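What follows is a short report on a single structure.
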Amino acid sequence: MSSLKKKLYEKIQEHRPRTTKLIKEFGNVKVGEVTIDQAIGGARGVRCLVTDISYLDPEEGIRFRGMTIPETMAALPKPEGKDYPYVEGFWYLLLTGDVPTMEETLELVEDFKSRCEVPAYVYDVIKALPKESHPMVMFNTAILAMQKESKFAKFYNEGFNKMDAWDSMYEDSTDLLARLPEIAAFIYRYKYKDGDIIANPKSDMGTNFAKMMGIDAPYDDVARMYFILHSDHESGNASAHTTHLVASTLSDAYYSLSAGMDALAGPLHGLANQEVLGWLQNVIKKLDGVEPTEELMKKFVWETLNGGAVIPGFGHAVLRKTDPRYASQREFCEKHLPDDKIFKYVDMLYRVVPDILREQGKAKNPWPNVDAQSGVIQWFYGITEYDFYTVMFGVGRAIGVLANITWDRALGYALERPKSLTTAMLEDVAKKG
Ligand code: NMX
Ligand code: MLT
């Protein structure tokens, strides 16, 4: 058994009595109430999910296992001479809550190498799709196609035992994580680079992805940063919630992740990162060589709003301040691409959009989210095919949601099944209330 798996098992055993006690002794204690607004309005703010992997404070932003983004980046072991930590070490942190040593991290890097072989049929499945399919269709289909590899499904079919279910969920999750960078890079090179596939160098996850994409350093660090920043945003976001919901039916990690990635592909969620670059390119095209001023940018923002569309990359269901994932990527841009034209436009949006959204008076949060800043970095390093950005978001998001469903099985979380009401029932509640 690997050090991580041993540690995870210890943590699970320590944790289980806490969950059991809460259910047995305090099961009837109220966590909150649900208003009609929340029942109709996407359950915003309803506190009915449990996760220990990350927590999102509306003012402060995300903490991974209690650590802010800068704390996480500083604490985890890094490859020599690199600015960002091993993604494998981050997987260890999310699963156990402990920062791994360099030795534990490198053991995990080796473990990932031993699992990274993608079955050949997965590539046949991708190639069987129309080439103009969205890369998220290719990505999600590839994940689902691998379901026959599931150790969890095998365990279920051979005699399921609730106490041990985490083990095969962990195995499937680690297998998937080890393979996703190669699948993502394959889709990119197959779809946009005439199928000129670059072999997996079998190093760490960041290096592998950069090499297979065909992009030089520091893109390996960009990949590490990107995957870690996009990993988890507590459980209520659509991709994490979908993955958790599907896993709660005792579907395995392949079914669950593929479903979660379908949620990520929506423009109000992960697809917003491609929308930001698309929106900016459209502005640049309309300007036809004219340097945008803040006044011109304001005009385009109002045009978009008046046309009934949202400004991608701004607003959030929970956050009420600038997303620290935005701030973290902005810091990277200031260091590595301060004079980049698109970065300057993105920065201009930061100066003009919040005031406009406030003036319009609809969005509860006028500040930028993670998606406003991620595309510009990818564009700078040569990935101008912005349809692909959500696939990279997906590789990162997989780390968080797979850690979550491993713990879901460890703690035996129930089949998710909220109750619905009819409109007439709500009208009745309204009359009485
Ligand atoms: N541009 C224009 N209008 C907005 C924006 C925005 N960026 N954000 C919110 N609104 C509107 C929203 O459409 C709603 O309008 P209506 O009453 O007509 O339905 C109103 O403001 C109230 O919405 P909120 O309660 O502030 O936001 P909600 O929790 O419903 O939605 C988002 C959150 C993220 C879906 C929303 O802010 C949005 O559509 N943003 C743009 C898309 C985006 O960047 N998504 C990525 C989120 C991060 N991620 O990666 O997943
Ligand atoms: C996410 O990373 O999932 C997004 O910021 C959306 C959310 O948290 O609701």
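Every number for a ligand or one of its atoms is a count from 1 in the order of the listing. Please read these numbers as outputs of a predicted model, since none were measured by experiment.
- Ranking the protein heavy atoms by distance from atom 6 (C) of ligand 2 puts His316 NE2, 3.5 Å first.
- Backbone and side-chain nitrogen or oxygen atoms of Ile311 are examined, and one is located within less than 3.5 angstrom of a nitrogen or oxygen of ligand 1.
- The N/O atoms of Leu268, backbone and side chain alike, include one that comes under 3.5 Å of an N/O atom in ligand 1.
- Closest heavy-atom approach to atom 15 (O) of ligand 1 within the set His269, His230, Lys362: this belongs to Lys362.
- Distance alone, capped at 3.5 Å, is enough to place a donor-acceptor pair between the Asn208 side chain and the Ser203 backbone.
- A donor-acceptor distance shorter than 3.5 angstrom exists from the side chain of Glu234 to the backbone of Leu56, with no hydrogens or angles considered.
- By the 4.0 Å N-to-carboxylate-O rule, Asp340 lies too far from Lys344 to be salt-bridged with it.
- For ligand 2, the atoms closer than 4.0 angstrom to any heavy atom of Arg325 are 1 (C), 2 (O), 4 (C), 5 (O).
- Results of the side-chain hydrogen bond (donor to acceptor under 3.5 Å, both in side chains) test with Lys151 over Asp167, Asp252, Asp175 single out Asp175 as the only residue that passes.
- Residue Phe393 has no nitrogen or oxygen atom sitting less than 3.5 Å from a nitrogen or oxygen atom of ligand 1, judged on distance alone.
- From the protein, the heavy atom lying nearest to atom 8 (O) of ligand 2 is His233 ND1, 2.7 Å.
- Of the protein's heavy atoms, Arg397 NH2, 3.4 Å lies nearest to atom 1 (C) of ligand 2.
- Counting only distance, with no hydrogens or angles, the side chain of Arg16 and the backbone of Ala410 share a donor-acceptor pair below 3.5 Å.
- Contact atoms of ligand 2 toward Asn237: 3 (O), 6 (C), 7 (C), 8 (O), 9 (O) (distance under 4.0 Å to a heavy atom of the residue).
- For atom 23 (O) of ligand 1, the nearest protein heavy atom lies 4.0 Å or farther away.
- Ring pair Phe209/Phe227: centre-to-centre distance below 6.0 Å.
- Atom-to-atom distance recorded for Ile62:CD1 and Asp57:CG is 9.5 Å, nearest 0.5 angstrom.
- Between Phe186 and Tyr123, the ring centre distance stays below 6.0 Å.
- The N/O atoms of Pro312, backbone and side chain alike, include none that comes under 3.5 Å of an N/O atom in ligand 1.
- One option in Ala372, Ala272, Gly42 has a heavy atom closer to atom 43 (C) of ligand 1 than any other, and that option is Ala272.
- Inside a 4.0 Å radius of atom 51 (O) of ligand 1 there is at least one protein heavy atom.
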- prompt: So His336 and Glu331, side chain to side chain donor-acceptor pair (under 3.5 Å) or not? Walk me through it.
  reply: CA-CA 9 Å; His336 294 274; Glu331 215 174 279; over 6 Å; no
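- Checking Arg44, Arg325, Lys364 against atom 26 (O) of ligand 1, the nearest heavy atom belongs to Lys364.
- Near Ala317, meaning under 4.0 Å from any of its heavy atoms, are these atoms of ligand 1: 29 (O), 33 (C).
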task: Could you please spell out the steps behind the side chain to side chain donor-acceptor pair (under 3.5 Å) verdict for Asp172 and Ser150?
output: CA-CA 6 Å; Asp172 280 355; Ser150 173; 2.6 Å; yes
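- In this comparison of Gly308, Gly313, Pro366, the heavy atom closest to atom 44 (O) of ligand 1 sits on Gly313.
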message: Please evaluate residues Arg325 and His233 with respect to the criterion side chain to side chain donor-acceptor pair (under 3.5 Å), reporting the C-alpha separation (whole Å), side-chain torsions for both, the decisive distance (0.1 Å), and the verdict.
response: CA-CA 10 Å; Arg325 300 171 299 177; His233 222 222; 3.3 Å; yes
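- The nearest protein atom to atom 38 (C) of ligand 1, hydrogens excluded, is given as Phe314 O, 3.9 Å; this is a heavy-atom distance.
- Taking a distance limit of 4.0 Å, we find that atom 12 (C) of ligand 1 is approached by no protein heavy atom.
- A salt bridge does not link Glu294 to Lys298: none of the charged nitrogens lies less than 4.0 Å from a carboxylate oxygen.
- A salt bridge links Glu71 to Arg63: one of the charged nitrogens lies within less than 4.0 Å of a carboxylate oxygen.
- Aromatic rings of Tyr86 and Tyr92 (six-membered ring for Trp) have centroids beyond the 6.0 Å cut-off, not under it.
- Of the heavy atoms in Leu305, only side-chain atoms (C-beta onward) come closer than 4.0 Å to ligand 1.
- The heavy atom nearest to atom 3 (N) of ligand 1, considering only Asn273, Asn365, Val310, is found in Val310.
- Annotation: Ala363 places an N or O atom under 3.5 Å from an N or O atom of ligand 1; distance criterion only.
- Taking every non-hydrogen atom of Leu357 and a distance limit under 4.0 Å, the qualifying atoms of ligand 1 come out as 1 (N), 2 (C).
- Near His316, with a cut-off below 4.0 Å to any heavy atom, the atoms of ligand 1 are 33 (C), 34 (C), 37 (O).
- Remark: atom 9 (C) of ligand 1 lies closer than 4.0 Å to at least one protein heavy atom.
- Closest to atom 49 (N) of ligand 1 among all protein heavy atoms lies Asp371 OD2, 3.2 Å.
- Ion pairing between Lys11 and Asp98 holds under the 4.0 Å rule for side-chain N and carboxylate O.
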